[in-house]
Amino acid sequence: MSDLISIINYVSVSLFGSILSASFCHVIDTCKKKMAFVCLAILLPLLQGLVFFVWGFDLLQQIYPLVVHLPLLLFFYALSGKIMWPLFSILTAYLCCQLRRWMALLVVAVLSGGALMQDVAELLLTVPLLLILLRYAAPVVRQLSDYPVKIQLQFASIPAIYYVFDYLTTVYTDLLTSGAPVAVEFMPFVCCVAYLVFLLYSSIKERTQIQLEQTQKSLGIQLNQAVREIDALRQSQALARQYRHDMRHHLQYVSACMENGQLQQAKDYITGICKEIEAQKVKQYCENETANLILSAFDGRAQKAGIQMNVRGAIPSFITVSDSDLCVLLSNALENALHACEPLAAAKENCIIDVQFYYKESRLFLQIENPCGDQIPFENGVPVSHEPGHGIGVKSICAIVERYGGIYTFLKNDHQFILRLSL
């Protein structure tokens, strides 16, 4: 009776691992494949029984990977065309079989039972534990199949280490049962290393996530500021149009002042109107309103700082680049150019920002050249800044150009800095 229960338990653990590995691998998705798997699941215990009755249990244990795991691996490979993920599924299912065994050992330890009780406990735990793993663990494991191979290897390391350890210390040798310290302490050592690696990996991912969130927040702030600048310039332009529209009324007032001999008052009124209109003026560099607004705003800032800005080029009204992206590109590029020139202009050096752009064959080409200082650190061909709040503009430019499938170059030639981009 005891031998019969042991044989049934041995068959049940084989079915337990086979069903679980098939669920992890997630390749049994048609009736034909399910029938093929059922045939394989029946054939494997028969093959194990043949080896058991002909050569004995010891040989069966030693060649178990050849008569069970290898056929499963080849079967899953035939269905999926992949080798890495089926192998990971089988190793993970093998590791999960230890849940069944350890819980049975716990029952035996609590009830002071023997080998027969352990076999019975394992049999009773098989179906409930299998259902729980299929319901909760299998969907999570299957999600890993969509991850890159590097991530899959990280998760497969623990099952693979345990698989090799179990066979080396319990099947092919007796290191674990003999109580050899190197074997007894190995899995706690692996758990410790895995825990430390997990902490390090989580810390790196957390820092990366925080940096990405900070960058995204900064980009959002820049975009909102750029949009506000565009709105303000549009309002100024609308106000200038209103002044031009109301010019008839202004002229009537001036005429009345002159008729009444109030010449000085007429002059002051004319001077005030001219200043207001000039302040709201938007230069027409090209047909694109967004480009004109941004270039006009930065030209005004450059003049106040004693910096000359030369603009040449043409962009049509409608282009493939959105207004918000064009705003961020121009604003960040010109902001960086002004930031580089301001110290030089303060030192009374001659500073000229040269802006060239054109639009051809649905692609925008832009070049901005400006004087700069000696020290500009580069990393991977991109200028970087370690000052708080700086360096985001360059990242914004690169991100937008890459999103449109374009190219960009940053060059430093003598004391001139050159940005070229195409998108």
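The structure displayed is predicted, hence computed values, not measured ones. Throughout, numbering of the chain's residues begins at 1 and tracks the sequence.
In this structure, CG in N370 is found 9.0 Å from CD1 in I307, a value given to the nearest 0.5 Å. Residue Y404 holds its OH atom at 13.0 Å from OG of S422, rounded to the nearest 0.5 Å. Atom NE2 of H26 is separated from atom OG of S21 by 14.0 Å, given to the nearest 0.5 angstrom. One distance of note links CZ of F155 with NZ of K150; it measures 13.0 Å at 0.5 Å rounding. Here the CG atom belonging to L123 is positioned 11.0 Å from the CD atom belonging to Q118, to the nearest 0.5 angstrom. Considering CG of L105 and CZ of R100, their distance stands at 11.0 Å, rounded to 0.5 Å.
Put simply, the side chain of Y64 does not reach to within 4.5 Å of the side chain of V51, judged on heavy atoms. A heavy-atom distance below 4.5 Å is not found between the side chains of L295 and D299. A 4.5 Å side-chain heavy-atom check between L91 and L95 finds every atom pair outside the cut-off. The closest side-chain heavy-atom distance from S317 to E287 is below 4.5 Å. When side chains are defined from C-beta on, I400 does not count as touching N332, because their heavy atoms never get closer than 4.5 Å. Taking 4.5 Å as the limit, every side-chain heavy atom of D166 sits out of range of all side-chain heavy atoms of L176. Two residues are said to be in side-chain contact when any heavy atoms from C-beta on lie closer than 4.5 Å; T169 and F186 fail this criterion. Residues L153 and M84 form a side-chain contact, since some pair of their non-hydrogen atoms from C-beta on lies under 4.5 Å apart.
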Scan the side chains in residues 130-146 for donor-acceptor partners under 3.5 Å anywhere in the protein, sequence neighbours excluded, and list what turns up.
from: R142; atom 1: NH1; to: S23; atom 2: O; distance (Å): 3.0
from: R142; atom 1: NH1; to: S23; atom 2: OG; distance (Å): 3.1
from: S145; atom 1: OG; to: R142; atom 2: O; distance (Å): 2.6

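Minimum heavy-atom separation, V171 to Q61: CG1-O, 3.6 Å. Nearest approach of L44 to V67, heavy atoms of both residues: CD2-O, 3.2 Å. Closest approach of L330 to A291, counting heavy atoms only: CD1-CA, 4.0 Å. Nearest heavy atoms, I353 versus A337: CD1-CB, 3.9 Å. The two residues F76 and P86 come nearest to each other via the heavy atoms CB-CB, 3.5 Å. In plain terms, the two heavy atoms of L344 and C372 that are nearest each other are CD1-N, 4.0 Å.
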side-chain contact (heavy atoms from CB on, under 4.5 Å) assessment of F88 paired with F24: CA-CA 9 Å; F88 171 62; F24 289 163; over 6 Å; no

Worked verdict on F75 versus C39 for side-chain contact (heavy atoms from CB on, under 4.5 Å): CA-CA 11 Å; F75 178 75; C39 294; over 6 Å; no

Pair V401-L329, side-chain contact (heavy atoms from CB on, under 4.5 Å): steps then yes or no: CA-CA 9 Å; V401 174; L329 278 176; 4.2 Å; yes

Check against side-chain contact (heavy atoms from CB on, under 4.5 Å), N9 and S12: CA-CA 5 Å; N9 182 40; S12 70; 3.4 Å; yes

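Side chain of S157 to main chain of Q154: a donor-acceptor pair is present (N/O by atom type, distance under 3.5 Å, no hydrogens or angles). Of the possible donor and acceptor atoms, none in the side chain of Y359 sits under 3.5 Å from a partner among the backbone N and O of A314. Put simply, the side chain of Q367 never gets that close to the backbone of I418: no donor and acceptor are under 3.5 Å apart. Between the side chain of T126 and the backbone N or O of E122, at least one donor-acceptor pair lies under 3.5 Å.
Side-chain atoms of S296 and N292 include no donor-acceptor pair closer than 3.5 Å. Of the N and O atoms on the side chains of D325 and S322, at least one donor lies less than 3.5 Å from an acceptor on the other residue.
Residue pairs meeting the salt bridge (charged side-chain N to carboxylate O under 4.0 Å, His left out) criterion with at least one member in residues 12-34, sequence neighbours excluded, are D29-K33.
Other residues, nucleotides and ligands place no more than 12 heavy atoms under 6.0 Å from the OH atom of Y77. Other residues, nucleotides and ligands place more than 12 heavy atoms under 6.0 Å from the NZ atom of K412. The local environment of OH in Y172 is crowded, with over 12 non-hydrogen atoms from other residues, nucleotides or ligands closer than 6.0 Å.
Ring-plane geometry between Y94 and Y162 is classed as tilted, the angle between the planes lying from 30 to 60 degrees on a 0 to 90 degree scale.
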